[in-house]
2 protein chains.
Amino acid sequence: MNNKRSEVSGAVIRRLPRYYRCLLRLEEQGTVKISSRELARIMDLTASQIRQDLNCFGGFGQQGYGYSVSALKEEIARILGLDGRKKMILLGAGNLGKAIVGSLDFEGSGFDLMAIFDTNEWVVGSEIREYPVISTDKLEDFCHEHHPEAAILCIPQEGAELLVPQLVELGVRSFLNFSHYDIDIEFSNVAVENVYIADSLMTLSYRAAALEEEQE
Amino acid sequence: MNNKRSEVSGAVIRRLPRYYRCLLRLEEQGTVKISSRELARIMDLTASQIRQDLNCFGGFGQQGYGYSVSALKEEIARILGLDGRKKMILLGAGNLGKAIVGSLDFEGSGFDLMAIFDTNEWVVGSEIREYPVISTDKLEDFCHEHHPEAAILCIPQEGAELLVPQLVELGVRSFLNFSHYDIDIEFSNVAVENVYIADSLMTLSYRAAALEEEQE
DNA sequence: TAGATTGTTAATCGATTAACAATC
DNA sequence: TAGATTGTTAATCGATTAACAATC
């Protein structure tokens with residue numbers, strides 16, 4: 001890898017999953033090679049941008065030929081760290097937690113989901129997919145025993161405020177955060193990806209208003 | 001409003017919901033006025049950036065004083081279109097659909113959720129919160145009668161591929177899209193906000209790998 | 001070899017930051 | 001009036017686009 005990962009700009013990082021998804025689809029369709037020009041057309045980017053983005057990490061193409069779809073897909077998987085197997089837990093077995101467990105494929109995601117934690121005694125002891133639902137009372141013991149490095153937070157803000165400091169203390173360093181608790185402001189040296197679904201609805205509202213404005 | 005909404009850069013648009021959230025919190029805490037300097041500190045931005053962002057839409061501050069928290073909050077709500085009441089439907093009463101309905105507050109969101117559609121006859125006829133679950137067979141009739149303008153898609157890609165063209169035909173113009181179907185590539189003149197939760201997990205994987213790299 | 005397409009350097013564009021005059 | 005802080009213009013920085021030499 002040419003660059004340190006931390007030196008790559010946020011704009012490039014956020015495009016990497018899109019590249020990965022697109023290449024996966026192309027591979028499934030049986031496409032063997034692709035030029036930056038053609039990939040740009042599909043993804044609505046410019047060929048220059050694609051070549052610049054990829055060359056942050058190394059020269060994966062072949063001059064005069066283009067890029068091998070499967071090789072490039074593998075390179076991006078490696079860049080994203082999808083070849084890792086970080087132990088992960090999920091907090092909150094409500095609808096959102098169940099939706100995440102049900103729809104995300106943890107296989108080849110870089111993470112290995114171990115268990116789901118919830119306070120509701122009615123769901124504790126059951127399983128969601130193949131994953132056991134454990135009482136949040138046992139969270140500390142579990143962490144001491146298994147040392148998870150990552151957590152998905154499908155709990156409300158108050159729950160997160162309470163549990164995150166404990167989790168950080170126990171060694172959890174990566175958070176996919178659906179709670180509205182500002183982890184990244186409270187802690188440094190953690191990797192946080194915030195998902196604010198309510199913000200997306202507001203952005204949609206803006207875009208809808210802009211569309212109407214256009215058509216007046 | 002100084003600018004047309006469509007002329008404002010994407011970077012600014014994506015910050016608007018953050019401003020709104022922050023101001024809402026400040027208002028709840030009883031803060032009456034705030035300077036760009038102090039708001040910048042809280043939100044980890046620069047004072048210049050905040051003043052530039054806000055002046056895309058108009059001069060909401062008072063020189064020598066700062067900004068009125070509640071007035072600015074109201075202005076941003078109006079810019080985001082949260083004062084509107086666009087009729088909205090939600091497709092897919094699975095865990096994700098239930099999570100959305102359960103966690104988002106549609107009051108003051110710019111949208112008015114009318115009904116939830118699903119194909120599963122076991123849930124059709126029931127209610128989630130106060131919203132009725134209707135058979136997808138009745139979707140067309142419903143649209144003819146009520147003319148919803150917006151939809152949240154909590155259905156898989158194949159379902160979206162089938163239903164979106166129909167919805168666009170029936171007049172739906174805004175989509176909060178959790179399916180992996182590329183609406184914006186297939187249709188123009190629609191407002192689309194895509195949420196790719198799987199991409200967030202990949203981005204987290206990247207950031208976790210970057211963090212490890214740092215600490216070696 | 002000729003054609004195609006990359007990797008990379010240079011030019012352009014846009015967004016962020018700094019500075020300061022206007023003004024409350 | 002003096003102090004504070006905005007709105008706005010100018011400077012800087014970073015990201016995107018264009019160009020082209022390298023090379024498969």
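All values below were derived from every heavy atom in this structure, side-chain atoms included, with hydrogens, water molecules and symmetry-related copies excluded. So that the names make sense, note that chain A is the first sequence line, chain B the second, and so on, each numbered from 1. Predicted model only: the values in this text are computed from it and were never measured.
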Quiz prompt | Residues which pass side-chain contact (heavy atoms from CB on, under 4.5 Å) with Gln63(B), listed by chain and number, not counting sequence neighbours | solution = none
Self-check item: Residue pairs, two or more places apart or on separate chains, that pass salt bridge (Lys or Arg N to Asp or Glu O under 4.0 Å) and touch residues 40-63 of chain A
Solution: Arg15(A)-Asp53(A), Glu38(A)-Arg41(A)
Self-check item: Atom pair distance, as rounded to whole Å: CZ in Arg14(A) and P in dA15(D)
Solution: 10 Å
Self-check item: Nearest atoms (heavy-atom pairs only) where Phe106(A) meets Val101(A)
Solution: CE1-CA, 4.4 Å
Quiz item: Listed by chain and number, what are the salt bridge (charged side-chain N to carboxylate O under 4.0 Å, His left out) partners of Arg85(A), not counting sequence neighbours?
Solution: Asp112(A)
Quiz item: Quick one: stems for DNA chain D, with Watson-Crick or G-U pairs under 3.5 Å, at least three in a row?
Solution: C:3-24 with D:3-24
Quiz item: Which residues in residues 21-39 of chain B have at least one heavy atom lying under 4.0 Å from any atom of DNA chain D?
Solution: Lys33(B), Ser35(B), Ser36(B)
Quiz prompt | Atom pair distance, as rounded to whole Å: CD in Gln49(B) and P in dT12(D) | solution = 19 Å
Quiz prompt | Stretch residues 62-70 of chain A: residues that reach within less than 4.0 Å of DNA chain D through a heavy atom | solution = Gln62(A), Gln63(A), Gly64(A)
Quiz item: Who pairs with Thr46(B) by side-chain contact (heavy atoms from CB on, under 4.5 Å), at least two apart in sequence or on another chain?
Solution: Ser48(B), Gln49(B)
Quiz item: What residues form a salt bridge (charged side-chain N to carboxylate O under 4.0 Å, His left out) with Asp118(B), not counting sequence neighbours?
Solution: none
Quiz item: Between atom CG in Leu54(A) and atom P in dT16(D), what is the gap in whole Å?
Solution: 13 Å
Quiz item: Taking only residues two or more places apart in sequence, or in another chain, which ones meet Glu27(A) in a salt bridge (charged side-chain N to carboxylate O under 4.0 Å, His left out)?
Solution: Lys73(A)
Quiz item: Within the structure, does a side-chain N or O atom of Thr46(B) lie under 4.0 Å from either OP1 or OP2 of dT17(C)?
Solution: yes
Quiz item: Taking for each residue the nucleotide of DNA chain D with the nearest heavy atom, is it Ala47(B) or Val12(A) whose nucleotide lies nearer the 5' end?
Solution: Ala47(B)
Exercise. For Tyr181(A), enumerate each residue passing the ring-ring contact (aromatic ring centres under 6.0 Å, His included) test, keeping only those at least two apart in sequence or located in another chain.
Key: none
Quiz item: Would Val164(B) and Val190(B) count as a side chain to side chain contact (heavy atoms under 4.5 Å, CB included) if you check the C-alpha gap in whole Å, the side-chain angles of each, and the deciding distance to 0.1 Å?
Solution: CA-CA 11 Å; Val164(B) 169; Val190(B) 291; over 6 Å; no
Practice problem: Could you check how far CD1 of Ile50(B) sits from P of dT17(C), rounded to whole Å? | Solution: 11 Å
Self-check item: Spacing of Met43(B) atom CE relative to dT16(C) atom C1', expressed in whole Å
Solution: 15 Å
Quiz item: Does a side-chain heavy-atom distance below 4.5 Å link Val8(B) with Phe57(B)?
Solution: yes
Exercise. Locate the shortest heavy-atom distance separating Ala77(A) from Tyr20(A); write the atom from each residue and the value.
Key: CB-CE1, 3.7 Å
Enumerate the protein-to-nucleotides 8-11 of chain C contacts in which both atoms are nitrogen or oxygen and the separation is below 3.5 Å.
| residue | atom | partner | partner atom | Å |
| --- | --- | --- | --- | --- |
| dT9(C) | O4 | Gln52(A) | NE2 | 2.9 |

Quiz item: Between Arg78(A) and Glu75(A), does at least one N-O distance fall below 4.0 Å, as a salt bridge requires?
Solution: yes
Self-check item: Contacts of Arg207(B) that satisfy salt bridge (charged side-chain N to carboxylate O under 4.0 Å, His left out) - sequence neighbours left out
Solution: Glu193(A)
Quiz item: To the nearest angstrom, how far is Phe57(A) atom CZ from dG7(C) atom C1'?
Solution: 16 Å
